[in-house]
> 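Input: one structure, supplied below.
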Amino acid sequence: MLTRPFARAPRTAAIIVVCVAILALAAGAFWMASDRRSGSSPGAPDPGQSWAGTDPAPEFAAGLTWFNVERPLTMAALRGKVVILDFWTLGCINCQHVIPDLHQLEAEFGDALVVVGVHSGKYAAEHDDESIREAIGRFGLHHPVVNDPDFSVWETYGVHAWPTLYIIDPAGNIVGSHAGEGVYELFAPIVGSLVTEFEAKGLVSRDPLPLNLEAATTSAVLAYPSDVAADAARDRLYIADAGHNRILVADLSGRLLQAVGTGEEGFADGLPGEATFRQPQGIALSSDGATLYVADTRNHAVRAIDTATGEVTTLAGTGKQLDRMPVGDAAAAKTALASPWDVLAAGDSLFVSMAGIHQLWRIDLPAKTISVFAGTSREGIQDGPRLAMATLAQPAGLASDGDYLYWVDPESSSLRRVPIAGPEGGVETIVGTGLFDYGDEDGPFPSAKLQHPQGLAVENGMLFVGDTYNHKVRAIDLAQRSVFTAAGAGTRGWDDGAANLARFDEPAGLTAANGRIYIADQNNHLVRVLDTATGAVSTLLLSNLGVATASAPGRTLTESFELQSVAPGAGLMAVIIESPAGYHLNSSAPSSLTLRSSNPAVFEPGESELTWASDESSVRFPVPVIATPGEATLTATASVYYCREGEEALCFIQRIEATLPVRVAAGESGEVRLQLVLPETP
């Protein structure tokens with residue numbers, strides 16, 4: 001948890017940092033508004049007291065960008081609801097740990113509770129509306145979110161740390177606040193008491209809050225890919241398709257070969273069509289290519305995939321976030337983890353960047369034990385003996401040259417290393433100076449700056465960094481002790497071509513093979529390729545897309561058509577699938593449509609299964625039908641592949657369910673027409 005001073009100051013002003021271990025946060029403490037006035041210490045909630053507040057909650061500042069709602073919210077519009085204000089910043093792991101608790105509270109209390117996310121971004125890149133919009137999709141947030149880039153709401157409420165949460169009662173008064181994790185157990189009894197108390201007075205509204213969710217109905221083949229792992233010797237590329245909760249296997253040319261995982265969120269071992277993941281972030285291969293290790297981040301687990309069979313097993317973690325540190329060499333399968341972000345195999349060791357506890361851990365693969373390898377668990381950037389003194393800051397991407405273990409610390413925008421073998425070595429910071437020091441500067445190590453980097457790879461003695469918030473790939477020359485930009489113009493977007501003109505959107509994990517750097521370009525939902533010899537950047541074109549279809553759950557577009565009438569007898573109905581302007585259908589995978597009649601005796605299509613593979617803007621099928629007097633409902637279920645045209649030629653999978661009522665009566669004329677128009681995407 002990071003603390004920021006209350007006083008208004010320029011964004012470049014010094015910010016005080018307070019680092020709190022996750023185990024302390026789990027205990028929880030709740031500041032009542034009266035506690036703040038009296039100076040009392042926070043404590044656990046007293047279930048016997050009234051939780052009604054007395055001080056009115058301040059109004060939201062005007063002119064802010066809102067997400068997931070039709071119009072900006074006001075405190076008056078929220079009267080009748082228990083409101084939780086969640087002050088967060090999207091790169092903060094502690095803020096991410098709070099999300100499942102908020103989901104649980106929303107499910108338990110329904111429309112009597114409204115969560116409002118107040119995004120007060122730590123980093124310059126986190127102030128952008130587009131960055132927040134992508135985070136809302138990545139984290140699956142279905143509640144209102146407001147962008148607070150100048151900390152106006154933050155300062156009005158006197159917030160000092162990420163995450164901080166306020167409770168507001170249905171009368172619009174502040175109940176109290178809590179800084180840190182451990183939210184559900186602390187908040188559930190308070191919210192429940194408020195709902196009961198105010199409902200008895202007739203002051204609770206259970207009318208749904210009008211929402212306008214940011215999530216699109218379409219699903220790209222990849223969704224927020226987080227990491228890639230290349231096996232040049234075996235012509236394999238593994239992709240952590242985090243937004244689809246699965247691992248995709250392709251060859252290095254992009255031809256998809258296998259999907260591992262059902263695509264649904266879960267924590268189940270088994271064969272590729274049985275196993276489930278929850279937003280896996282990092283992947284790494286064993287030296288023999290026989291095992292792919294997976295940092296299954298939201299399951300707080302490390303998984304192993306047999307690359308020959310695709311079978312998934314759990315190597316470490318219980319599926320629950322840790323509440324105590326491991327003692328010595330603990331049994332890996334029985335030890336709870338905290339948001340493992342990346343993995344790296346080195347001989348008999350598997351190193352894990354444990355982002356949620358600001359440490360590196362080591363799994364002894366033969367012994368199946370796990371232990372802390374580096375970091376005291378305090379968040380910081382202090383160098384020194386790896387266990388006794390060194391502090392880390394949400395470690396992410398890992399890499400090794402055989403002598404050192406390298407990693408990036410996003411929350412200190414730093415690159416660091418430690419000897420990979422031998423007695424307790426010292427942690428050394430290569431790039432980076434502080435938890436709130438960041439930028440976009442090439443040059444020698446003392447002055448070079450990164451911004452929230454997440455990916456790391458080694459190629460030909462160079463380190464390549466996914467400099468996520470700078471939308472670049474940076475290169476680290478250890479011999480020359482300097483940093484330079486390998487690719488990226490420095491603005492979010494999607495452009496291939498020369499390195500200095502190419503654009504990315506929050507690139508994350510990297511891997512190297514055959515002189516190429518493969519890049520998980522997460523917000524573009526793509527894998528990009530940097531040729532280290534020419535500097536050219538290209539987009540990896542995935543093919544054989546049918547492999548990805550079954551395990552890519554996406555939202556389904558539903559349509560209901562008005563009643564159509566037709567005369568009895570044999571005839572034809574028209575089925576038309578049409579892409580919007582600026583799009584075309586995609587022949588890389590077979591699209592399909594299934595027709596079903598609720599009453600075949602009245603209206604029966606002569607064909608029930610239609611398939612096509614086309615790159616045209618639309619397809620049309622004349623389907624024979626037999627009609628007799630009466631009424632029926634025709635149901636069409638489709639899975640359609642299509643792509644944008646031009647530079648941002650991203651491809652999508654759209655699922656559609658449509659219903660069309662049909663009346664068959666003498667004297668009618670014309671044909672039944674089922675026209676499905678695919679949606680544009682944001």
> Under a 3.5 Å cutoff, is there a donor and acceptor pairing between the side chains of Y224 and Q279?
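There is no such pair between these side chains.
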> Do the non-hydrogen side-chain atoms of V82 and F198 ever get within less than 4.5 Å of each other?
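In short, these two side chains do not touch, never coming nearer than 4.5 Å.
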> Between the side chain of S579 and the main-chain N/O of S617, is any donor-acceptor distance below 3.5 Å?
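A pair under 3.5 Å: yes.
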> Using a 3.5 Å distance criterion without hydrogens, assess whether the side chain of D129 forms a donor-acceptor pair with backbone atoms of T65.
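Not at all, since once roles are kept as given, no pair shorter than 3.5 Å links the two residues.
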> Under a 3.5 Å distance rule, please check whether H300 uses its side chain to pair with a backbone N or O of S339 as donor and acceptor.
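Yes; judged by distance alone, with no hydrogens or angles, the pair exists.
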> For a quick test of reading the model, state the closest non-hydrogen atom pair linking P225 to A520 and the distance between them.
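For P225 versus A520, the nearest heavy atoms are O-CB, 3.5 Å.
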> Counting C-beta onward and ignoring hydrogens, is there a side-chain heavy-atom pair between L194 and F109 closer than 4.5 Å?
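A side-chain contact is absent here, since even the closest heavy-atom pair is not under 4.5 Å.
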> Are the side chains of L105 and L113 in touch, meaning some heavy atoms are under 4.5 Å apart?
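L105 reaches L113 side chain to side chain.
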> Parallel, tilted or perpendicular, judged at 30° and 60°: which one describes the rings of H178 and F187?
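Answer is perpendicular, since the angle exceeds 60°.
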> Determine the interplanar angle of the Y469 and H452 rings, folded into 0 to 90°, and report it as parallel if under 30°, tilted if 30 to 60°, perpendicular if over 60°.
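Rings of Y469 and H452: parallel, under 30°.
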> Taking all non-hydrogen atoms of both residues, which atom of T276 and which atom of F267 are closest, and how far apart?
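It is OG1-N, 3.0 Å.
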> Could you check whether any side-chain N or O of D241 sits under 3.5 Å from a backbone N or O of L248, counting only pairs where one atom can act as donor and the other as acceptor?
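Not a single qualifying donor-acceptor pair exists.
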> Hey, is the main chain of V146 close enough, under 3.5 Å, to the side chain of H119 for a donor-acceptor pair?
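Not a single qualifying donor-acceptor pair exists.
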> Measure from the side-chain N and O atoms of T297 to the backbone N and O of P340, and report whether any donor-acceptor pair falls under 3.5 Å.
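Yes, T297 side chain to P340 backbone: donor-acceptor pair under 3.5 Å.
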> How many angstroms lie between atom NZ of K81 and atom CG of D207, to the nearest 0.5 angstrom?
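Result: 6.0 Å between the selected atoms.
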> Please examine the side chains of Q522 and R138, heavy atoms only from C-beta on, and report whether any two atoms are closer than 4.5 Å.
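Yes, at least one pair of side-chain atoms sits under 4.5 Å.
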> Parallel, tilted or perpendicular: which fits the ring planes of H127 and F151, with parallel below 30° and perpendicular above 60°?
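Correct class here is perpendicular.
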> Give a yes or no answer on whether the side chain of D148 reaches the backbone of V153 with a donor-acceptor pair at less than 3.5 Å.
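Yes: the side chain of D148 pairs with the backbone of V153.
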> Does the side chain of H97 come within less than 4.5 Å of Q321's, by heavy atoms?
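Answer yes - side chains close enough.
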> Could you tell me whether the side chain of Q96 and the main chain of L90 form a donor-acceptor pair under 3.5 Å?
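A pair under 3.5 Å: yes.
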> Nearest heavy-atom pair of A355 and P395: which atoms, and what distance?
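For A355 versus P395, the nearest heavy atoms are CB-O, 3.5 Å.
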> Just by modelled atom types, is the G91 backbone N or O under 3.5 Å from a matching donor or acceptor in the Q394 side chain?
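Yes: the side chain of Q394 pairs with the backbone of G91.
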> Is Q451 close to D440 at the side-chain level, that is, under 4.5 Å between some pair of heavy atoms?
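Heavy-atom side-chain distance check fails, nothing below 4.5 Å.
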> If we ignore angles and hydrogens, is there a donor and acceptor under 3.5 Å between the side chains of E680 and Y583?
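The criterion, which ignores hydrogens and geometry beyond distance, is not satisfied for Y583 and E680.
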> Indicate yes or no for a side-chain donor-acceptor contact from S353 to the backbone of A396 under 3.5 Å, with no hydrogens or angles considered.
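Yes; at least one donor-acceptor contact below 3.5 Å.
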> Which heavy atom in L593 sits nearest to a heavy atom in L676, and how many Å separate them?
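Minimum heavy-atom separation between L593 and L676: CD1-CD1, 3.7 Å.
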> Could you check whether N524 and R492, counting side-chain N and O atoms only, form a donor-acceptor pair closer than 3.5 Å?
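Looking only at side-chain atoms, N524 and R492 do not form any donor-acceptor pair under 3.5 Å.
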> Work out which heavy atom in H584 is nearest to a heavy atom in R644; give both atom names and the distance.
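Closest approach of H584 to R644, heavy atoms only: NE2-O, 4.2 Å.
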> Between D111 and R206, does any side-chain N to carboxylate O distance fall below 4.0 Å?
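Here D111 does not pair with R206 in a salt bridge, since their nearest N and O are not under 4.0 Å apart.
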> For a quick test of reading the model, state the closest non-hydrogen atom pair linking E181 to V98 and the distance between them.
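In terms of heavy atoms, the two residues are closest at CA-CG2, 4.3 Å.
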> What is the ring orientation for Y157 with F87, classed by angle as parallel under 30°, tilted 30 to 60°, or perpendicular over 60°?
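If you compare the ring of Y157 with that of F87, the planes turn out tilted.
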> Compute whether any side-chain donor of one residue and acceptor of the other, for N212 and E70, lie under 3.5 angstrom apart.
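No, E70 and N212 have no side-chain donor paired with an acceptor closer than 3.5 Å.
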